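Before anything else, here's the structure in question.
Source: prediction; values computed, not measured. Side chains are part of it too, since the values below use all heavy atoms of this structure and drop only hydrogens, waters and symmetry mates.
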Amino acid sequence: MNASEAARRLKSWALEAGFHRAGVARLERSRDGEAFLAWLARGDHAGMGYMERRVEARLDPARLLAGARSVLCVALQYAPVPGAEAAGDLWARVARYARGRDYHEVMEERLAAVAARVEEAFPGAGTRPYVDTGPVLERELAARAGLGAVGKNTNLLHPDGGSWFLLGELFLTLELAPDAPLADLCGTCSRCLEACPTGALPAPYRLDGNRCISYWTIEHRGALPETARRLVGDWVFGCDVCQEVCPVNADPSPGADPALAPDPRRAKIDLAGLLAMGREAYVEAFRGSPMKRAKLEGLQRNAALAMGNRGEARYVGALGRALTSGTPVVRGHSAWALGEIGGGEATRALTAALAGERVDEVRREIGSALARAGRSGGREGLPG
């Protein structure tokens, strides 16, 4: 079987396994290596220190599998379904890819099925799957495999699938015929740069993680610095703004995978419910969810920030309870949120909590919040 026929066969197996698109790229040294190193040098990766590890493997992906020659890249669509927008004050502020089952599990299962067929049809062939894990510059590989063109918002754009898709890879020791890359889809458009609420896209094709809502709500652990607290707005997990405004996404693909559909078991959870959730309830509610990445403390911290940034008095009761029941990080951010909301009820909750608080950092948060709450007497929150 020649390289072209082998490539066609593997791509057909990927589609049969449930992926929406598949393409092949040769494994060679990164063509975007200098841009990646410059991104690291600027500190645009924020607190994601793991990006600095195994840099040489990222730049030379053939190192990830002995004898590797090709990579099969796959795309799984999660495009929003028209008329099925999330309701309530939580899920509308969770990135769409994270509202259902963990895509890692879905894609790993399907890549394993493809790998099994490869190993049966090509005895002795080596395979190694990756799904958003390991030292892989997967966007570059997928672009070279023809799955999309890199957009100015740094997402991969496809003329049919927009940017609402996830990537996976199967590294192979087989020699496969590569696909042709797609042409640029952005042209002169700069809507994503203009719409980013935090300025995290300071230039085309550059993402500054220090200002990215997805970084702060998902990757960062512990307390958020004061400036970042307002940056995240009322997003709880991730952000979709730069995708929502992209013209390539104007007509969402109807091919969203059912496995990634919003989970009805979690649909009724709101911000107050998330903030009050105990460990056992969290484990049960978020089993199989990509939102576990932020951990319970991170999700509750984010919920408190969302409440504070919305500035609505209806959240004071939930935040007041979290002041006495949450971890120090959650208590501190609940105090900050009460200071943002302001008013008499918030002031009373903060004053009562201060009397019993023993952690110095939380006491400082409460003191600062009291000063703001007393001055503001309540403020206008975010719309919605």
Problem - Minimum heavy-atom distance Ala177-Ala7, with the two atoms named - result: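 In this case the closest contact between Ala177 and Ala7 is O-CB, 3.6 Å.
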
Exercise for the section: For Tyr315 and Asp89, test the side chains for any donor-to-acceptor distance below 3.5 angstrom and give the result as yes or no. Expected result: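 Yes, side-chain donor-acceptor contact under 3.5 Å.
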
Problem - Residues Arg63 and Asp60 bridged, charged N to O under 4.0 Å - result: yes

Practice task
Treat each ILVMFWY residue as a node, draw an edge where side-chain heavy atoms are under 4.5 Å apart, and state whether Phe237 and Met277 are in one component.
Solution key: yes

Exercise for the section: Determine whether Arg144 and Leu141 make a side-chain contact, defined as any pair of heavy atoms from C-beta on separated by less than 4.5 Å. Expected result: yes

Practice task
Rounded to the nearest 0.5 Å, what's the gap from CZ on Arg211 to CG on Leu231? Could you check?
Solution key: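 Output value for this atom pair is 5.0 Å.
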
Practice task
Grab the two heavy atoms, one from Leu182 and one from Leu147, that are nearest each other, plus how far apart they are.
Solution key: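 For Leu182 versus Leu147, the nearest heavy atoms are CD1-C, 4.4 Å.
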
Handout entry: Under 3.5 Å donor-acceptor, Asn302 side chain and Val236 backbone
Key = yes

Practice task
Check whether any side-chain heavy atom of Phe122 sits under 4.5 Å from a side-chain heavy atom of Leu172, and report yes or no.
Solution key: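 No, too far: nothing below the 4.5 Å cut-off.
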
Exercise for the section: Verify, without hydrogens or angle tests, whether Thr173 (side chain) and Gly126 (backbone) share a donor-acceptor contact under 3.5 angstrom. Expected result: yes

Practice task
Give a yes-or-no answer on whether the side chains of Glu175 and Ser70 include a donor-acceptor pair shorter than 3.5 Å.
Solution key: no

Exercise for the section: Find out if a path of hydrophobic residues (ILVMFWY) with successive side-chain heavy-atom gaps under 4.5 Å connects Leu207 to Met48. Expected result: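 No; Met48 is not reachable from Leu207 via cluster members.
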
Exercise for the section: Using a strict cut-off of less than 4.0 Å between a Lys/Arg side-chain nitrogen and an Asp/Glu carboxylate oxygen, indicate whether Glu5 and Arg8 qualify as a salt bridge. Expected result: yes

Exercise for the section: State whether a side-chain donor-acceptor pair under 3.5 Å links Ser163 with Asn249. Expected result: yes

Problem - In one Ile/Leu/Val/Met/Phe/Trp/Tyr side-chain cluster, 4.5 Å: Tyr50, Leu64 - result: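 No, it is not one cluster - the side chains of Tyr50 and Leu64 are not joined through contacts under 4.5 Å.
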
Practice task
Could you tell me whether Glu312 and Arg314 have a side-chain N and a carboxylate O separated by less than 4.0 Å?
Solution key: yes

Handout entry: CZ (Arg42) with more than 12 external heavy atoms under 6.0 Å
Key =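 Enclosed.
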
Exercise for the section: Output the distance between atom CH2 (Trp336) and atom CD (Glu226), rounded to the nearest 0.5 Å. Expected result: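 Those atoms lie 6.5 Å apart.
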
Problem - Between Tyr130 and Arg128, a side-chain donor and acceptor under 3.5 Å - result: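 Distance-only check passes for Tyr130 and Arg128.
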
Fill in the blank from the handout: Closest non-hydrogen atoms of Gly209 and Trp216, given as atom of the first, atom of the second and distance, are O-NE1, 4.2 Å

Practice task
Mark yes or no for whether Glu140, through its side chain, and Arg31, through its backbone, hold a donor-acceptor pair below 3.5 Å.
Solution key: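 A pair under 3.5 Å: yes.
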
Practice task
May I ask you to decide if Pro202's main-chain N or O and Asp208's side chain share a donor-acceptor pair within less than 3.5 Å?
Solution key: no

Problem - Worked check of side chain to side chain contact (heavy atoms under 4.5 Å, CB included) between Leu274 and Asp270 - result: CA-CA 6 Å; Leu274 178 57; Asp270 58 10; over 6 Å; no

Problem - Non-hydrogen side-chain atoms of Leu167 and Cys73 separated by less than 4.5 Å - result: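 In short, these two side chains do not touch, never coming nearer than 4.5 Å.
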
Practice task
Identify the heavy atoms of Ala318 and Ala272 that sit nearest to each other, and give their distance.
Solution key: CB-CB, 3.9 Å

Exercise for the section: Give a yes or no on whether Glu34 atom CD has more than 12 heavy-atom contacts from other residues, nucleotides or ligands under 6.0 Å away. Expected result: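 Not buried by this count: 12 neighbours or fewer within 6.0 Å.
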
Problem - Within 6.0 angstrom of Glu194 CD, more than 12 heavy atoms from elsewhere - result: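 Count over threshold, so yes.
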
Practice task
Step by step, work out the side chain to side chain contact (heavy atoms under 4.5 Å, CB included) result for Leu174 and Arg69.
Solution key: CA-CA 6 Å; Leu174 300 175; Arg69 297 181 180 182; over 6 Å; no

Practice task
Would you mind checking if Arg230 and Glu340 are paired as a salt bridge, meaning a charged N to carboxylate O distance below 4.0 Å?
Solution key: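 Judged by the 4.0 Å cut-off on N to carboxylate O distance, Glu340 and Arg230 do form a salt bridge.
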
Practice task
Evaluate the side-chain proximity of Arg221 to Glu297: yes if any heavy-atom separation is below 4.5 Å, no if none is.
Solution key: no

Practice task
Check whether any side-chain heavy atom of Asp44 lies under 4.5 Å from a side-chain heavy atom of Arg206, and answer yes or no.
Solution key: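 Yes. Closest side-chain heavy atoms under 4.5 Å.
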
Practice task
Report yes or no: do Gln243 and Arg96 form a side-chain donor-acceptor pair below 3.5 Å?
Solution key: no

Handout entry: Shortest non-hydrogen contact between Cys239 and Ser214, atoms and distance
Key =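 Shortest heavy-atom contact: N-OG, 3.3 Å.
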
Exercise for the section: Compare all side-chain heavy atoms of Arg21 with those of Val74 and state whether any distance is below 4.5 angstrom. Expected result: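 No, too far: nothing below the 4.5 Å cut-off.
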
Exercise for the section: Would you check if the side chain of Arg301 reaches a backbone N or O of Gly222 as a donor-acceptor pair within less than 3.5 Å? Expected result: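 Checking the backbone N and O of Gly222 against the side chain of Arg301, a donor-acceptor pair under 3.5 Å is found.
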
Exercise for the section: For Arg191, look at atom CZ and say whether over 12 heavy atoms of other residues, nucleotides or ligands are found less than 6.0 Å away. Expected result: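 Counting other residues, nucleotides and ligands, CZ of Arg191 stays at 12 neighbours or fewer.
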
Handout entry: Heavy-atom closest contact (His45 atom, Leu40 atom, distance)
Key =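 Answer, listing the atom of His45 first, then Leu40: CE1-O, 3.4 Å.
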
Handout entry: Option from Glu361, Glu357, Glu365 for which side-chain hydrogen bond (donor to acceptor under 3.5 Å, both in side chains) with Arg331 holds
Key = Glu357

Practice task
Give a yes or no answer on whether the side chain of Arg101 reaches the backbone of Ser289 with a donor-acceptor pair at less than 3.5 Å.
Solution key: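 Absent.
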
Problem - Flag for Tyr103-Asp132: side-chain donor and acceptor within less than 3.5 Å - result: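 Present: a donor and an acceptor within the cut-off.
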
Handout entry: Check: Ser190 side chain, Leu193 main-chain N or O, donor-acceptor pair, under 3.5 Å
Key =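 Flag not set: sc Ser190 to bb Leu193 has no pair under 3.5 Å.
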
Exercise for the section: In plain terms, say whether Asp263 and Arg266 are close enough for a salt bridge, that is, a side-chain N and a carboxylate O under 4.0 Å apart. Expected result: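 A salt bridge is present here (some side-chain N lies under 4.0 Å from a carboxylate O).
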
Handout entry: Donor-acceptor under 3.5 Å (Arg229 side chain, Leu224 main chain)
Key = yes

Practice task
Any chance you could measure Cys242, atom SG, to Leu201, atom CG, to the nearest 0.5 Å?
Solution key: 6.0 Å

Handout entry: Non-hydrogen side-chain atoms of Phe165 and His20 separated by less than 4.5 Å
Key =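 Side chain of Phe165 against side chain of His20, heavy atoms only: no contact under 4.5 Å found.
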
Handout entry: Leu338 CG to Thr347 OG1 distance, which is reported to the nearest 0.5 Å
Key =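 Separation between the atoms: 9.0 Å.
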
Exercise for the section: Report yes if the side chains of Leu166 and Gln77 come closer than 4.5 Å at any heavy-atom pair, otherwise no. Expected result: no

Exercise for the section: Examine Val329 and Leu275 and state if one hydrophobic cluster contains both, with Ile, Leu, Val, Met, Phe, Trp and Tyr joined whenever side-chain heavy atoms are less than 4.5 Å apart. Expected result: no

Show me the donor-acceptor pairs, under 3.5 Å and distance only, between side chains in residues 279-288 and residues at least two apart or in other chains.
{"residue": "Glu284", "atom": "OE1", "partner": "Arg287", "partner atom": "NH1", "Å": "2.7"}

Exercise for the section: Please determine if Asp257 and Arg110 form a salt bridge, counting it only when a charged side-chain N lies under 4.0 Å from a carboxylate O. Expected result: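 Result for this pair is yes, salt bridge flagged.
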
Handout entry: Stepwise side chain to side chain contact (heavy atoms under 4.5 Å, CB included) check, Arg29 with Glu56
Key = CA-CA 10 Å; Arg29 192 166 181 84; Glu56 190 54 34; 2.6 Å; yes

Handout entry: Gap between atom OH of Tyr205 and atom CG of Asp32 - 0.5 Å precision
Key =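 Separation between the atoms: 12.0 Å.
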
Handout entry: side chain to side chain contact (heavy atoms under 4.5 Å, CB included) between Lys11 and Asp179, worked out
Key = CA-CA 11 Å; Lys11 287 185 285 186; Asp179 286 282; 2.9 Å; yes

Handout entry: ILVMFWY cluster, Val114 and Phe171 together (side-chain gap under 4.5 Å)
Key =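 Different clusters.
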
Handout entry: Spatial distance of atom CG (Leu176) from atom OG (Ser4) [nearest 0.5 Å]
Key =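 Rounded to the nearest 0.5 Å, the CG-OG separation comes to 9.5 Å.
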
